[in-house]
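Encoded as structure tokens, the structure appears first; notes follow it.
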Amino acid sequence: MKMNNALISLAVAMALGATQANAATPAQHVVLISVDGLHQDDLAWFVKNHPASALATLVNNGVEYANAMTPFPSDSFPGLIGQVTGGHPGTTGIYYDVTYNRDLLPPGTTDCVNTLPGTVVAFDESIDKNTDRLDAGQNIAGLYDNVPSSYALISALSGDPKTLIDPAMLPVDPMSCAPVYPHQYLKVNTVFNVAKSQHLRTAWSDKHPAYEIVNGRADNGVTEFFTPEINSLTVTGGSVDFTKNNVDTQTYDNLKVNAVLNWAKGKDHAGTGTVGVPAIYGMNFQSVSTAQKLNLSGYYDPANPGAVLANGLGGYVADGSGALVPGPVLSGALSFVDQSISKIVAAVDPSNTVVIISAKHGQSPENRAKLVLINDGDMLAALDAAWNAAHPGANGLVANALDDDGVLLWLKDRSKVATNFAKHFLMNYSGTGIGSDSLGNKTAVNFTNAGLRTVNAGADAYAMFGVKKGDARVPDVVGIAKVGSVYAGSKLSKIAEHGGNALNDRHVPILVWGAGIASGVTVTDAVETVQIAPTILNSLGLDPNKLKAVLMEGTAVLPKLN
């Protein structure tokens, strides 16, 4: 898992020399890497404190965008979709991984004439054939023999994640009475679709089979996927999934790194067949994200390669000057990601490859002293009870809610009376939440206004996303959280989340390095991660205007690349 820093620097330096010699040559390959949770200030801290690292070398020899923002909501689904389509949620139709649609029918519907429309649309791990298994229910023989060598068997995972999805868990189209797969739900095409239209090979690795959404509506974007389920149980025994301990998350991420390395060699994800290097390929890392969210976790000590330590503080800690810096778990995760990226950079051909590093989302809060965990189950039950009391005979108001560090509500009644009622209730809801001291111990913290600084309801919510009243997908109420508000249960299970509109939710890096890319440039102009999509196509000599979202929104290629 560890690489010598001298070898990392040598590999990157050799690559840089080849890149500069071929600066005028259009790229033939683009590698897209999302380090989920990574803030711009995380990258700056790591580069400053690890000047010989792969990330530092790439920053010093590529183009860094220091003022980049993700779309809102800052969730993985709209975050990735923005990077590969060039569009925001109002254009792509993707607001979160679990949303609500007023036109579709509930999963399992067979009477599509007499069933009333309106259903939760879940495109997360819950649609796997078997969420508990790393192979999502493919049932690879020997995978759960509870020995570390069992992990190697995941190379047999299907390259078509649709085969890993249970259609009975999908919403139903009332016209065809057929299940709606994630790729069918996306309103626009992706960079993968554009590349495939030019008969180019593509590949992508992500955390759930539901990420087959990047295949695009035409279902022809990605030649080969690798989507092991992160929320599954580890294969070495116990009842813990890969997100509950950062050591396990790194083990999981390394499976995807191996797939990317095989693609870089022109192999399939298992490394067994020679198929050619994809034109567009890449992966997401989860290790930084879980390291930011975990209160206490086991971790690898960067100063002692191979040593596993227990119960380090997750997230950020104060240094000697009082400044917040990555704590032991997060520092180890950043080092793991850096060493993994160094392997990928060393594996690509720098004369014809561009590497783009960013993040689907950030995480908030960084300062655990600001944390207030609010029980959203209690909050929503109180909202429904208040609505029922004011409207005798009503059966609650909330059709669906998604609350991480913001509040998205889809209401059963979309009238102005109902949306204003929900807004007024939230802005007057108070109680006692859970905080954390500097050692990770639970504390009691009072909150007001449901932990929100503002609520957009009804017409104001629709205007946020640029959609018209009556849109079947848009949330009716959007609560923008105060920094530190996180919506969860009654345990100190996490110290940060994403999905909201705080600066730390959305201010992420964009780093571009490779063939034809300028060296040592820092761009402070405001940019967005949706600009990655047209940049990918432009780097390959393909037309960014082939992306529907780019045409609809006028999304520009990232500036000052050359």
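Remember, predicted model here, so these are calculated numbers, not experimental data.
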Gap separating the CG atom of Asp103 from the OG1 atom of Thr119, nearest 0.5 angstrom: 11.5 Å
Donor-acceptor contact below 3.5 Å, side chain Thr522 vs main chain Glu64: no
Check: Phe465 ring centroid to Tyr95 ring centroid under 6.0 Å: yes
Short side-chain to backbone donor-acceptor contact, His507 and Ala66, under 3.5 Å: yes
Donor-acceptor contact below 3.5 Å, side chain Thr91 vs main chain Gly87: no
CH2 on Trp204 to CD1 on Ile213, rounded to 0.5 Å: 13.0 Å
Exam field: side chain Glu229 to backbone Asn231, donor-acceptor pair closer than 3.5 Å: yes
Under the salt bridge (charged side-chain N to carboxylate O under 4.0 Å, His left out) test, residues paired with Asp219 that sit two or more places apart: Lys162
Side chains of Asn456 and Ile480 in contact at under 4.5 Å (non-hydrogen atoms): yes
Ile532 side, atom CD1; Ile510 side, atom CD1 - distance, nearest 0.5 Å: 4.5 Å
Check against side chain to side chain donor-acceptor pair (under 3.5 Å), Asp160 and Ser158: CA-CA 5 Å; Asp160 180 5; Ser158 171; 5.6 Å; no
Inter-residue atom distance Gln531.CD - Tyr65.OH, 0.5 Å rounding: 8.5 Å
Asp36 vs Val288 side-chain heavy atoms within contact, under 4.5 Å: no
Donor-acceptor contacts under 3.5 Å from residues 168-182 side chains, at least two apart:
| from | atom 1 | to | atom 2 | distance (Å) |
| --- | --- | --- | --- | --- |
| Asp173 | OD1 | Met175 | N | 2.9 |
| Ser176 | OG | Ala178 | N | 3.3 |

Salt bridge (Lys or Arg N to Asp or Glu O under 4.0 Å) between Lys360 and Asp206, worked out: CA-CA 12 Å; Lys360 298 174 185 174; Asp206 221 302; 2.9 Å; yes
Phe77-Tyr211 aromatic ring centre distance below 6.0 Å: yes
Steps toward side chain to side chain contact (heavy atoms under 4.5 Å, CB included) verdict (Leu134, Leu255): CA-CA 11 Å; Leu134 182 63; Leu255 301 174; 3.9 Å; yes
Test: Arg133 and Asp135 ion pair at under 4.0 Å: yes
Any donor-acceptor pair under 3.5 Å from Arg506 side chain to Asn501 backbone: no
Separation of Gln40 CD from Leu511 CG (nearest 0.5 Å): 9.0 Å
Side-chain donor/acceptor of Glu125 to backbone N/O of Ile230, under 3.5 Å: no
Test log, rule side chain to side chain donor-acceptor pair (under 3.5 Å), inputs Thr243 and Gln286: CA-CA 8 Å; Thr243 68; Gln286 285 291 106; over 6 Å; no
Lys267 and Thr274: CA distance, side-chain angles, deciding distance, side chain to side chain donor-acceptor pair (under 3.5 Å) verdict: CA-CA 4 Å; Lys267 304 288 187 178; Thr274 300; 3.0 Å; yes
Gap between atom OG1 of Thr163 and atom CD of Glu212 - 0.5 Å precision: 10.0 Å
Side chain to side chain, Ser364 and His498, heavy atoms closer than 4.5 Å: no
Thr202 side chain vs Gly221 backbone, donor-acceptor pair below 3.5 Å: yes
By side chain to side chain donor-acceptor pair (under 3.5 Å) - contacts of Thr85 (at least two apart): none
Heavy-atom donor-acceptor pair, Asp338 side chain to Ser53 backbone, under 3.5 Å: no
Trp410 backbone acceptor or donor facing Asn400 side chain under 3.5 Å: no
Quiz item: cation-pi between Arg201 and Tyr281, 6.0 Å / 45°: no
Residues that Glu497 engages under salt bridge (charged side-chain N to carboxylate O under 4.0 Å, His left out), provided they are two or more places apart: Lys293, Lys494
Thr251 (side chain) donor-acceptor with Val247 (main chain) under 3.5 angstrom: yes
Partner of Gln250 under side chain to side chain donor-acceptor pair (under 3.5 Å), chosen from Asn246, Asp248, Asn254: Asn246
Under the salt bridge (charged side-chain N to carboxylate O under 4.0 Å, His left out) test, residues paired with Asp128 that sit two or more places apart: none
Any residue meeting salt bridge (charged side-chain N to carboxylate O under 4.0 Å, His left out) with Asp253, in chain and number order, not counting sequence neighbours: Lys256
